[in-house]
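None of the values given here were measured: they were computed from a predicted structure.
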Protein chains: 2
Amino acid sequence: MITSEQVARLAGVSRTTVSRVLNGTGRISEEVRQRVLEAAATLGYEPNVVAQSMVRQRSRTIVLGMFHVEEGLSFSRLGETKHYFYLDVLKYIEAEAAEADYDLLQPSRPQDMTPEGYVRSLRTRNVAGAILLALSSADARIPALVQADLPTVFIDAVGQGRFATYIKSDNGNGARQVTEHLLSLGHRRIAFLTGSLSNMFGMERILGAQQAFTSAGYSLDPDLIRQSGWNTEQAYEAACQLLNERRDFTAIVAGSDLMAMGILRALREQGLCVPKDVSLTGFDDVGLARYTEPGLTTVRQDKEAMGRQAIQLLLRMIEGEEYIPPVTLPTRLVVRQSTGPAPIA
Amino acid sequence: MITSEQVARLAGVSRTTVSRVLNGTGRISEEVRQRVLEAAATLGYEPNVVAQSMVRQRSRTIVLGMFHVEEGLSFSRLGETKHYFYLDVLKYIEAEAAEADYDLLQPSRPQDMTPEGYVRSLRTRNVAGAILLALSSADARIPALVQADLPTVFIDAVGQGRFATYIKSDNGNGARQVTEHLLSLGHRRIAFLTGSLSNMFGMERILGAQQAFTSAGYSLDPDLIRQSGWNTEQAYEAACQLLNERRDFTAIVAGSDLMAMGILRALREQGLCVPKDVSLTGFDDVGLARYTEPGLTTVRQDKEAMGRQAIQLLLRMIEGEEYIPPVTLPTRLVVRQSTGPAPIA
DNA sequence: CTGAAAGCGCTTACAG
DNA sequence: CTGAAAGCGCTTACAG
């Protein structure tokens with residue numbers, strides 16, 4: 001490995017000068033500057049990132065924390081289709097981090113690690129900040145990170161403090177939009193299959209739907225609200241069960257597009273036609289939503305804004321800004337073919 | 001931040017001893033060992049990973065290189081459904097790396113970076129090794145990494161050397177299986193919509209199909225082989241175009257499940273019924289394959305083996321093993337409802 | 001069994 | 001404008 005020592009020797013200057021030239025700090029005579037740059041280029045020198053991290057007590061690294069790991073071994077069982085939406089968000093996180101010249105790190109996390117241990121382990125890695133994706137509200141890392149002075153941005157989880165903020169879609173409004181759409185089509189008995197109510201977005205969506213009902217002067221049958229988990233398979237099973245129990249609803253609002261795909265299959269298996277017999281809606285507007293048969297009416301989340309702004313918020317905190325307010329992104333109703341007029345009773 | 005200095009002071013020993021106790025190196029009297037452990041626990045001490053990386057000249061970090069970044073800004077346009085398969089693989093990479101106590105790193109990569117610069121940038125990060133996912137055969141990082149003495153495992157790309165090997169599915173055999181399945185159902189004119197032939201797996205699959213044809217005494221019409229890109233949308237468009245040009249085929253072999261979903265839509269829009277009019281097959285067996293209507297006949301890739309063994313191969317190289325031969329994973333034909341007897345001409 | 005000292009490759013006061 | 005020296009937090013010969 002080429003070191004600054006070698007560059008210094010070739011250029012006939014001190015390591016101090018090499019460092020200054022490469023970092024653009026301090027005044028350097030143009031002639032020396034050129035000599036150093038030339039020497040560095042000749043040797044193919046690149047500063048050792050680890051050494052920089054050591055001396056600066058901070059690296060250009062952002063931790064990416066996800067749902068994956070926390071679930072232990074259970075994830076090897078299911079298709080984990082629930083993560084498809086976040087794959088898109090992740091893409092923009094990566095792009096934005098790359099443009100800001102930050103590495104992304106997924107730290108290994110021993111099973112027995114406490115929330116405090118988690119924060120500590122990030123400290124020992126000298127990371128600049130962390131992005132946490134879609135944690136359950138019960139995740140103990142949230143309060144630990146909010147307490148710590150490590151800049152943190154939560155996506156789809158609430159955590160706010162001096163060095164912590166969050167970004168999410170306007171889930172309540174999205175659910176309201178889609179529910180109003182169904183109400184306007186004449187649907188009154190609508191089933192809600194959500195992944196869970198322990199994620200922020202799960203709860204918000206139900207509340208938004210409820211609000212639409214209330215505003216319209218109707219009420220929502222609590223027995224038509226079901227929590228199944230966010231996977232396609234789980235939604236499929238929950239829909240089968242619901243259909244076995246009762247059939248007095250004319251529409252189903254799924255917690256996500258991927259869940260809707262499982263529900264669609266359950267409806268088909270029961271000989272029910274979408275949207276003639278039952279209308280169906282999704283949430284997210286993943287790329288596949290238009291490829292279902294029929295195309296899925298859904299609520300579009302702005303994945304690009306979510307990913308990019310998460311990084312931008314984090315960078316502002318890294319640069320010292322405190323108490324940044326949370327960001328809520330607007331959603332948009334996308335009407336396709338899976339919703340239609342309620343069948344006449 | 002708590003340092004080993006503070007632990008040493010509290011335990012009344014030297015930093016050397018603290019280091020030895022925590023790393024389990026050298027002989028230590030039981031009494032001292034206990035004192036150190038206790039002091040470390042009291043202070044909540046955790047060794048600074050960066051300092052360790054600095055002095056050991058190697059960190060417990062594995063680089064994860066993907067297709068994403070190399071594509072510049074183009075990816076913001078499309079749904080990038082093509083990556084869904086690798087999301088599953090990634091999950092197992094993460095799990096296996098976590099179990100081996102390695103961090104995963106996605107380094108930021110400036111646009112203008114040369115392949116040598118890429119390898120150099122990994123060096124300056126003191127990473128232990130790298131996993132590269134599904135690169136195009138033309139990716140210049142492949143030869144650069146094969147040359148370098150940095151342990152590297154390629155997934156779905158060929159790169160082999162002293163410190164480089166690869167793992168992939170038996171794509172040729174998978175394509176052969178699915179083609180034979182169609183031939184046995186009486187199909188003779190089969191269209192092949194592949195993402196591209198510049199990835200190893202794209203080419204292998206076509207060759208496998210060709211082999212099935214030849215073994216059965218038939219031949220494959222080259223004009224029925226189309227390259228569209230791996231996204232659902234691209235496959236949809238290619239299928240539309242193909243259907244406009246000719247309709248003399250009775251089956252379509254898609255390059256992936258996600259491509260098949262786009263093709264399915266194109267067929268439906270033309271009023272063609274699957275499998276009555278046209279049989280359709282996918283590749284990968286992603287979780288969603290069973291949720292299409294009809295369920296998709298496909299070739300299952302062992303995503304868990306792919307992800308886990310990639311890490312295991314890498315760890316062997318990190319531990320010094322050289323010239324590890326590549327691994328080919330068996331595939332399995334999964335017959336669902338999207339394939340049926342060829343219609344009588 | 002234990003510790004003082006050197007060193008990993010940088011950056012940054014401090015001095016000139 | 002430039003450099004010698006200290007220091008970031010560890011580990012590891014070396015010596016005892």
Side-chain angles (χ1 to χ4, degrees), chain A residues 1-40 43-61 101 103 120-128, chain B residues 1-40 43-61 101 103 120-128:
Chain A
M1 173 177 285
I2 313 294
T3 68
S4 66
E5 171 72 45
Q6 296 171 55
V7 176
R9 205 168 320 167
L10 182 59
V13 298
S14 69
R15 290 183 309 162
T16 307
T17 300
V18 171
S19 171
R20 282 204 269 250
V21 169
L22 265 34
N23 291 303
T25 58
R27 307 260 147 266
I28 302 282
S29 71
E30 189 50 27
E31 187 231 327
V32 168
R33 220 179 74 82
Q34 287 305 333
R35 276 220 313 274
V36 169
L37 255 24
E38 209 170 292
L43 296 173
Y45 171 70
E46 199 155 335
N48 185 299
V49 173
V50 178
Q52 288 181 323
S53 167
M54 171 99 270
V55 60
R56 289 180 176 150
Q57 301 285 75
R58 168 179 287 180
S59 69
R60 290 187 81 85
T61 303
D101 199 27
D103 290 351
R120 233 176 11 235
S121 80
L122 301 190
R123 288 239 157 289
T124 74
R125 287 165 168 80
N126 286 9
V127 302
Chain B
M1 173 178 287
I2 312 294
T3 69
S4 66
E5 171 72 45
Q6 297 171 54
V7 176
R9 205 168 319 166
L10 182 59
V13 298
S14 69
R15 290 183 308 160
T16 308
T17 299
V18 171
S19 171
R20 281 202 270 250
V21 170
L22 265 35
N23 291 303
T25 57
R27 308 259 147 267
I28 303 283
S29 71
E30 190 50 28
E31 188 231 325
V32 168
R33 220 178 73 82
Q34 288 306 332
R35 276 220 313 274
V36 169
L37 255 24
E38 208 170 295
L43 297 172
Y45 172 70
E46 199 155 335
N48 184 299
V49 172
V50 177
Q52 288 181 322
S53 168
M54 171 99 272
V55 60
R56 290 179 176 151
Q57 302 284 75
R58 168 178 287 179
S59 68
R60 289 187 82 85
T61 302
D101 199 27
D103 290 350
R120 227 167 27 225
S121 80
L122 302 190
R123 288 239 158 290
T124 75
R125 287 165 169 79
N126 285 9
V127 302

- request: Verify the contact: side-chain N or O of A:S4 to OP1 or OP2 of C:dC10, cut-off strictly under 4.0 Å; return yes or no.
  value: yes
message: I'd like the P distance from C:dG9 over to C:dA13, given in whole Å.
response: 23 Å
Assigned partner base of D:dG3, Watson-Crick or wobble definition, under 3.5 Å: C:dC14
query: Is any side-chain nitrogen or oxygen of A:S29 closer than 4.0 Å to OP1 or OP2 of D:dT2?
result: yes
- prompt: In whole angstrom, what separates A:R15's CZ from D:dA4's C1'?
  reply: 10 Å
message: Measuring from atom CG of B:N23 to atom CD1 of B:I28, what distance do you get when rounded to the nearest 0.5 angstrom?
response: 10.5 Å
field: Neighbours of DNA chain D within residues 53-60 of chain B, by heavy-atom distance under 4.0 Å
entry: B:M54, B:V55, B:R56
query: Nearest-Å distance, CD (A:E31) to P (D:dC1)?
result: 13 Å
task: Provide, to the nearest angstrom, the distance between the CZ atom belonging to A:R125 and the P atom belonging to D:dG9.
output: 17 Å
query: Is the shortest heavy-atom distance from the side chain of A:L43 to the side chain of A:R9 under 4.5 Å?
result: no
query: With no hydrogens and no angle check, is any side-chain donor or acceptor of A:S59 less than 3.5 Å from a backbone partner on A:N126?
result: yes
message: Quick check for you: among C:dG3, C:dC10, C:dT2, whose closest atom lies nearest to any side-chain atom of B:V13?
response: C:dG3
query: So what does A:T16 hit on the nucleic acid, given a heavy-atom distance under 4.0 Å: a base, only sugar-phosphate, or nothing?
result: base
- prompt: Base, sugar-phosphate alone, or nothing: which one does A:V32 contact when heavy atoms must sit under 4.0 Å apart?
  reply: sugar-phosphate
message: Output the rounded distance in Å from CZ (A:R9) to P (D:dG3).
response: 14 Å
message: For the CD atom of B:E38 and the CG atom of B:L10, what is their distance to the nearest 0.5 Å?
response: 8.5 Å
statement: To the nearest angstrom, the CG-P distance between B:L22 and D:dC10 comes to 10 Å
- prompt: Just to confirm, is there a sub-4.0 Å distance from OP1 or OP2 of D:dG9 to any side-chain nitrogen or oxygen of B:Q52?
  reply: no
- prompt: From the list C:dG9, D:dG9, D:dT12, which nucleotide is the closest neighbour of the side chain of A:N48?
  reply: C:dG9
field: Phosphate-side-chain proximity, A:T17 and D:dG3, N/O vs OP1/OP2 below 4.0 Å
entry: yes
message: Nearest whole Å is fine: how far is C:dG3 P from B:E5 CD?
response: 12 Å
Gap separating the CD atom of A:E46 from the CZ atom of B:R125, nearest 0.5 angstrom: 7.5 Å
- line: Here the gap from A:M54 atom CE to B:N48 atom CG, rounded to the nearest 0.5 Å, amounts to 4.5 Å
- request: Starting from P on C:dC10, measure out to CZ on A:R20 and report it in whole angstrom.
  value: 16 Å
message: What is the separation between atom CD1 on A:I28 and atom C1' on C:dT11, rounded to the nearest whole Å?
response: 13 Å
message: Please pick, from D:dC1, D:dA4, C:dC10, the nucleotide with the shortest atom-to-atom distance to any side-chain atom of A:R27.
response: D:dC1
message: Distance alone, cut at 3.5 Å: any donor-acceptor contact between the side chains of B:S14 and B:T17?
response: yes
- request: Could you grab the distance from atom CZ of A:R58 to atom CZ of A:R123, nearest 0.5 Å is fine?
  value: 9.0 Å
